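Beneath this line is the structure, given in structure tokens, with notes to follow.
None of these values were measured; they are calculated from a predicted model.
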Amino acid sequence: MEKDTYTPENGETEILLRRYNDAFAICGIAVIVFSLWDILKMFAGYFFGEETFDKMISELLGSLEISEDIPVETIRLIVWVVMIGGLLILSAIVFLFHFYIGLNAYREGRGIRKKKSKTYLVMAGLVLVVSGTMLAFSVVAFLVTENHGGVRFASLLLEFTSFFNYAYLMYSAYKIHCLKRGVL
């Protein structure tokens with residue numbers, strides 16, 4: 001009579017490799033999602049923060065000598081369009097940068113990546129270093145200021161989560177590399 005229980009045929013290495021590949025793919029998706037958070041935070045900072053677009057434009061127009069031929073409102077509108085256009089271009093660059101890292105990590109984790117370039121890992125490592133530095137500054141700023149508010153605390157938590165995601169992405173990449181080479 002046959003047993004009805006499942007006995008895995010995979011060894012410990014295959015199980016660990018599958019686990020870290022899954023984690024690698026999930027971290028890749030999280031990189032893309034957190035890039036949307038970065039963009040939202042950037043927009044919120046320029047529209048609702050301490051240095052809003054309106055304040056910057058007012059200071060800029062106050063320091064310029066404007067001829068009487070062109071109405072001030074026309075110049076204000078042109079400056080608004082240029083600043084919003086610049087912010088949209090910067091947002092697109094940020095999103096595409098993180099999208100490149102996240103999509104390649106996802107494809108690598110799922111085993112559907114065709115190219116063998118590891119450029120995205122170098123970029124992810126740089127983001128990890130920058131994110132860690134920014135996180136340290138954010139923690140110091142949070143502890144120094146008296147009026148934190150719930151928004152600043154939530155932002156700090158999301159920054160920590162993003163940093164942890166990049167750290168785990170790099171850790172998973174290292175473990176996958178070691179398992180494939182037979183080091184572990």
Side-chain angles (χ1 to χ4, degrees), residues 21-61 63-64 74-142 145 149 151-174 176-177:
N21 276 326
D22 286 345
F24 202 58
I26 291 169
C27 286
I29 296 293
V31 164
I32 296 170
V33 170
F34 281 122
S35 74
L36 297 174
W37 161 248
D38 286 340
I39 292 168
L40 179 68
K41 187 174 67 169
M42 188 169 39
F43 271 96
Y46 282 119
F47 287 107
F48 305 116
E50 296 167 6
E51 280 295 317
T52 62
F53 269 169
D54 196 38
K55 186 187 277 187
M56 290 189 294
I57 290 172
S58 296
E59 290 174 4
L60 177 69
L61 292 178
S63 66
L64 293 177
T74 305
I75 294 174
R76 180 181 291 278
L77 179 66
I78 291 170
V79 172
W80 263 99
V81 167
V82 168
M83 290 181 89
I84 299 252
L87 188 62
L88 287 174
I89 290 171
L90 184 62
S91 297
I93 290 170
V94 167
F95 178 73
L96 290 174
F97 178 77
H98 290 287
F99 186 75
Y100 175 77
I101 294 170
L103 186 64
N104 281 309
Y106 176 78
R107 287 180 176 169
E108 184 84 23
R110 293 293 175 233
I112 55 175
R113 193 158 174 269
K114 293 178 181 159
K115 292 191 294 184
K116 294 297 178 189
S117 172
K118 300 294 182 190
T119 306
Y120 74 98
L121 284 175
V122 173
M123 294 167 72
L126 291 173
V127 172
L128 178 65
V129 170
V130 170
S131 179
T133 305
M134 296 299 288
L135 180 64
F137 285 131
S138 295
V139 167
V140 169
F142 181 79
T145 57
V151 174
R152 194 167 277 181
F153 182 69
S155 177
L156 187 64
L157 284 177
L158 283 168
E159 290 294 328
F160 176 75
T161 307
S162 177
F163 172 76
F164 179 76
N165 182 60
Y166 270 106
Y168 197 62
L169 179 101
M170 296 303 290
Y171 177 75
S172 295
Y174 170 73
I176 290 168
H177 174 75

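- Atom CG in Leu128 sits 5.0 Å away from atom CZ in Phe163 (nearest 0.5 Å).
- Formation of a donor-acceptor pair under 3.5 Å by the Asn165 side chain with backbone atoms of Thr161 is not found in this model.
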Notebook entry, point to check: Taking it one step at a time, do Leu156 and Phe160 satisfy side chain to side chain contact (heavy atoms under 4.5 Å, CB included)?
Noted result: CA-CA 6 Å; Leu156 187 64; Phe160 176 75; 5.9 Å; no
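- Pairs engaging residues 24-40 under the side chain to side chain donor-acceptor pair (under 3.5 Å) rule: none recorded [sequence neighbours left out].
- To the nearest 0.5 Å, atom CG of residue Leu87 and atom CZ of residue Phe43 are 4.0 Å apart.
- The shortest side-chain heavy-atom distance between Asn21 and Arg110 does not fall under the 4.5 Å cut-off.
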Note to self: Using side chain to side chain contact (heavy atoms under 4.5 Å, CB included), reason through Phe34 and His98 one step at a time and then give a plain yes or no.
What the structure shows: CA-CA 8 Å; Phe34 281 122; His98 290 287; over 6 Å; no
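- Counting all heavy atoms, side chain and backbone alike, Gly28 lies closest to Leu169 at N-CD1, 4.0 Å.
- Of the possible polar contacts, one joining the Ser172 side chain to the Tyr168 backbone as a donor-acceptor pair under 3.5 Å is found.
- Counting only residues at least two apart or on different chains, no side chain to side chain donor-acceptor pair (under 3.5 Å) pair has a member in residues 122-142.
- Once rounded to the nearest 0.5 Å, the distance linking CD1 of Ile32 with CG of Leu103 reads 5.5 Å.
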Next item on the list: Start with the C-alpha gap between Ile101 and Tyr166, add the side-chain angles, then the distance that decides, and say whether side chain to side chain contact (heavy atoms under 4.5 Å, CB included) holds.
Entry: CA-CA 10 Å; Ile101 294 170; Tyr166 270 106; 4.2 Å; yes
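- With sequence neighbours excluded, the residues that form a salt bridge (charged side-chain N to carboxylate O under 4.0 Å, His left out) with Glu108 are Arg113, Lys118.
- Between Glu159 atom CD and Lys41 atom NZ the span is 3.0 Å, to the nearest 0.5 Å.
- The CG atom of Leu158 lies 10.0 Å from the CG atom of Leu40; values are rounded to the nearest 0.5 Å.
- Taking the six-membered ring where the residue is Trp, Tyr120 and Tyr100 present perpendicular rings, their angle passing 60° and hence far from 30°.
- With rounding to the nearest 0.5 Å, the separation of OG in Ser162 from CG in Leu157 is 12.5 Å.
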Next item on the list: Any chance you could lay out the side chain to side chain contact (heavy atoms under 4.5 Å, CB included) test for Ile26 and Tyr106, step after step, and finish with the verdict?
Entry: CA-CA 7 Å; Ile26 291 169; Tyr106 176 78; over 6 Å; no
